[in-house]
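Below is one structure, written out as structure tokens; the observations come after it.
Reminder, nothing fancy here: chain letters follow the sequence lines and each chain counts from 1.
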Amino acid sequence: MPELPEAETISRGLDVFLAGRTVARVTVLRPDVVANAGLRAAGRAGRKRCEEAAGVARSASGLAAAEGKRVRAVGRRGKNVVVLLDDEDRIVVNLGMTGRLLPSPGSRPPPSARHCAVFVHLEGGGAVAYDDVRRFGRLSYVPRRDWPAWSARLGPEPLAPSFTARRLQRILESSKSPVRSLLLDQRKIAGIGNIYAVESLWHAAVHPMRRANEFSARAAVRLHRCLRRVLREAIRAQGTTLRNYLTASGQPGGFGPALRAYGSVGNPCPRCAAAIERIVFGGRSAFLCPHCQALPPAADR
DNA sequence: CATACGTCCTGCCAGC
DNA sequence: TGCTGGCAGGACGTAT
């Protein structure tokens, strides 16, 4: 659930807390949240097999390589929080559904970290807990030389100045998928999850199942504008808390009341008062106004 | 190659 | 009251 705005909010808060600090010790309590960057990513079973074959002990996770290194800064790539170390190796945190990074002034996980999976002690006191109820999240240690390839697996940053309407239009043209599926594809555009995809499409008045390659230039420009506006405003509000997302300072996000369609089945559309509907495709819920976001008639498609 | 679908994981909540 | 079953979904593996 943490998407770009949540990852951005967390990385800003964590940067204040971590920049200049040195990692003393990394304790892995739940080995399954640690992805080994050196191995082909695989499903749980697959990764287990790889690690056994390679003789990788669970704690050798690679995260231990961070011990003794100073944190230069904390940033973000897509939905990932990226801890940049002084030697330009990185700890990349994908928060999955329920992952949280909770700083603590003491040497124990904060009380809110009830499902602490990884615990990072800092020299001179203080710590950061990686807490994740469902353990869909992953922590990876990415050495400096692997970073370009790692980052290249992701599409462009939607808030970067280089992400123009024209760029979005080209991405849309490249796929016959429903636009919501394309927006969720991290290889095409980085950082968008279901909430902001659904919200952007409501603002742009486009049906989530509209085929990406059927966008007019005008509709592409409109989606580009709505997408960026929604992401920016969500960052300003420090993200959306639906379940358990918290900022680095332990606050819930404030974007919930700004949601127009997501999760509001049956509520009147704020634009036209028609009842918001829920549909399911690609294994996920989408919410839309059947009036404002109508699919064009089949003859036009 | 591109697209579609199943899988993992557990807290929560509706329904009986 | 207590149990069950369905639901949430990011990202990867497998199937088409």
Find the distance A:Ile195:CD1 to C:dA8:P and express it as a whole number of Å.
-> 12 Å
Centroid under 5.5 Å and tilt under 30°, A:Phe136 to C:dA11 = no
Distance check: side-chain N/O of A:Ser175 vs OP1/OP2 of B:dT3, anything under 4.0 Å?
-> yes
Can you establish whether the number of heavy atoms outside A:Arg166 located under 6.0 Å from its atom CZ is more than 12?
-> yes
Got A:Arg135 and A:Val133 here, is their nearest side-chain heavy-atom distance under 4.5 Å?
-> no
Rounding to a whole Å, what distance do you find between A:Leu242:CG and C:dG10:P?
-> 11 Å
Looking only at side-chain N and O atoms, does A:Asn94 come under 4.0 Å of OP1 or OP2 in C:dA11?
-> yes
Count the heavy atoms of every other residue, nucleotide or ligand shown that sit under 6.0 Å from CZ of A:Arg170, and state whether that count exceeds 12.
-> yes
Is A:Arg278 touching bases, backbone alone, or none of the nucleic acid, heavy atoms closer than 4.0 Å?
-> sugar-phosphate
For C:dC12, take OP1 and OP2 only and decide whether either is under 4.0 Å from a side-chain N or O of A:Arg138.
-> no
Using atom CZ of A:Phe281 as one end and atom C1' of B:dA4 as the other, report the distance to the nearest whole Å.
-> 12 Å
Between A:Ser177 and B:dA4, is there a side-chain N or O to OP1/OP2 distance below 4.0 Å?
-> yes
Inspect the surroundings of CZ in A:Arg232 and state if more than 12 heavy atoms from other residues, nucleotides or ligands are less than 6.0 Å away.
-> yes
Once you round it to whole Å, what is the distance between C1' of C:dG10 and CG of A:Asn194?
-> 10 Å
Report yes if a side-chain nitrogen or oxygen of A:Ser285 is closer than 4.0 Å to either non-bridging phosphate oxygen (OP1 or OP2) of C:dC7; otherwise report no.
-> no
Can you tell me the distance, in whole Å, between the NZ atom of A:Lys176 and the P atom of B:dC1?
-> 16 Å
5'-most contact on DNA chain B (nearest-nucleotide basis), A:Ser174 vs A:Arg284, goes to A:Ser174
A:Glu6 CD to C:dG9 P, in whole Å, measures 13 Å
Classify the ring geometry between A:Phe119 and A:His121 as parallel (under 30°), tilted (30 to 60°) or perpendicular (over 60°).
-> perpendicular
Do the side chain of A:Arg134 and the base of C:dA8 come within less than 3.5 angstrom through a donor-acceptor pair of N or O atoms?
-> yes
